[in-house]
Trainee: 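Got a structure for you, questions after.
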2 protein chains.
Amino acid sequence: MGVIRKTQSVSLVLNEFEKNSKAISAIELVKRLDDKINKTTVYRLLDKLEDDGLLHYFLDSNGVKWFAKCKICSKSKHHDVHPHFQCTDCGIVDCLEIKITIPEIPNRKVVNSQILVLGQCDLCLQ
Amino acid sequence: MGVIRKTQSVSLVLNEFEKNSKAISAIELVKRLDDKINKTTVYRLLDKLEDDGLLHYFLDSNGVKWFAKCKICSKSKHHDVHPHFQCTDCGIVDCLEIKITIPEIPNRKVVNSQILVLGQCDLCLQ
DNA sequence: TTGCAATCGCAACTAAGTTGCGTTTAAATT
DNA sequence: AATTTAAACGCAACTTAGTTGCGATTGCAA
Ligand SMILES: [Mn+2]
Ligand SMILES: [Mn+2]
Ligand SMILES: [Zn+2]
Ligand SMILES: [Zn+2]
């Protein structure tokens, strides 16, 4: 796949991710752009942008898909495999710049892991 | 909620989890019991059994709900918060009896975490 | 400009899970 | 053992995130 054309829709979607550094759920993005882009297009674009290494995705504790900007990824490989954080009070989701080590497990080969940390964000703690 | 009556359906569902110690997805369980229990009942039972501390659940990398037996949990609290493992080759899912420590995160209060480890299981490694 | 494949919009579809409601049944009470 | 009744169940219809097929539109290279 991969994005080939710089269409209006691509700009609109990427612009939403430029506004701040938080993650955005596909559901929320579809709503935000409802009057400008068809939901099918939004989903297809998210897939493509992920494919291109511009966005990465993960699932929250309800199985909902969230997307966030990649920092050092490319079309060939996502390098930014990291944990994500969801605030149980306000619902914001973002990327954690920390490394959590998965120990060796007997008789198993660990390839990667998906970690969702739940708790309270800085704003909700005040 | 909580299971009150020892019905035929309860036995059938619990029996599936007694067969071995692996986790079972709700989807798979509905299929397995298709000729014996209505899917609505299966989902309602899984909810109840989870509520009662007999089963716990988690999501796999596709957002699909899986259930597994609890060991030391009760109606009032799930004590068995642990990582889960999914084999990327054969698809089996089970509980990991290991503890993975989430470090302190500045300006955030970590309450709990959901960890899915992906890799190859013992059988698929041979 | 023109050509045309990439992209898009729309409607219909898929699949996991839920809800409402009338019927059945476990099990306590007579 | 028969009666009672709320818990549990089955069924059909619904919800919702995401997908598919296809004809119309559009970015962009020639
Ligand atoms: Mn991230
Ligand atoms: Mn488990
Ligand atoms: Zn918050
Ligand atoms: Zn395996």
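Every chain is numbered from 1, with letters handed out A, B, ... down the list of sequences.
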Trainee: If you check every side-chain atom of B:T41, which of D:dG10, D:dA8, D:dT19 has the closest atom?
Mentor: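 The answer is D:dG10, which lies nearest to the side chain.
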Trainee: Grab the CD1-C1' distance between B:I27 and D:dA17 for me, whole Å please.
Mentor: 14 Å
Trainee: If I take atom CG in residue B:D34 and atom P in nucleotide D:dG10, what distance separates them, rounded to the nearest angstrom?
Mentor: 11 Å
Trainee: Do A:R44 side-chain and C:dG9 base share a donor-acceptor contact under 3.5 Å?
Mentor: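 It does, because a donor-acceptor pair links the side chain of A:R44 to the base of C:dG9 below 3.5 Å.
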Trainee: To the nearest Å, give me how far apart CD (B:E28) and P (C:dG17) are.
Mentor: 13 Å
Trainee: Determine whether any donor atom in the side chain of B:R5 lies under 3.5 Å from an acceptor atom in the base of D:dA8, or the reverse, and answer yes or no.
Mentor: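 Looking at the base of D:dA8, it does not pair with any donor or acceptor on the side chain of B:R5 (distance under 3.5 Å).
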Trainee: I need the CG-C1' distance between B:L12 and D:dC9, as an integer number of Å.
Mentor: 13 Å
Trainee: Between D:dC9 atom C1' and B:K48 atom NZ, what is the distance in whole Å?
Mentor: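 Roughly 10 Å, once rounded to whole Å.
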Trainee: Considering only D:dG21, D:dG10, C:dA27, which nucleotide approaches the side chain of B:K6 most closely?
Mentor: C:dA27
Trainee: Could you give the distance from OG1 (A:T41) to CG (A:L46), rounded to the nearest 0.5 Å?
Mentor: 10.5 Å
Trainee: If you find the nucleotide of DNA chain C closest to A:T7 and the one closest to B:K31, which residue's nucleotide is nearer the 5' end?
Mentor: A:T7
Trainee: Atom CG of B:N38 to atom P of D:dA13: distance rounded to whole Å?
Mentor: 14 Å
Trainee: For A:Y43 and D:dG18, is the shortest distance between a side-chain N/O and OP1 or OP2 below 4.0 Å?
Mentor: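 For D:dG18, OP1/OP2 do have a side-chain N/O of A:Y43 under 4.0 Å.
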Trainee: Cut-off 3.5 Å, no hydrogens considered: what does the side-chain donor-acceptor table look like for residues 111-124 of chain B, sequence neighbours left out?
Mentor:
from	atom 1	to	atom 2	distance (Å)
B:Q120	NE2	B:D89	OD2	2.9

Trainee: Test A:H84 against every option in A:F67, A:Y57, A:F58 by the ring pair (Phe, Tyr, Trp, His ring centres under 6.0 Å) rule and name the one that passes.
Mentor: A:F58
Trainee: Could A:K71 and A:E97 be called an ion pair, given the rule that one side-chain N must be under 4.0 Å from one carboxylate O?
Mentor: yes
Trainee: Would you say the side chain of A:S9 and the base of C:dT7 hold a donor-acceptor pair, judged only by whether the two atoms sit under 3.5 Å apart?
Mentor: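 Result: no qualifying N/O pair found.
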Trainee: Group every Ile, Leu, Val, Met, Phe, Trp and Tyr by side-chain heavy-atom contacts under 4.5 Å, then state whether A:I37 and A:I24 land in the same group.
Mentor: yes
Trainee: Which is true for B:K39 with a 4.0 Å heavy-atom rule: it touches a base, it touches only sugar-phosphate, or it touches nothing?
Mentor: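 Base: the residue B:K39, judged by heavy atoms under 4.0 Å, touches a nucleobase.
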Trainee: Where the side chain of B:L45 is concerned, which of C:dC10, C:dG17, D:dC9 is the nearest nucleotide?
Mentor: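 So the nucleotide nearest the side chain must be D:dC9.
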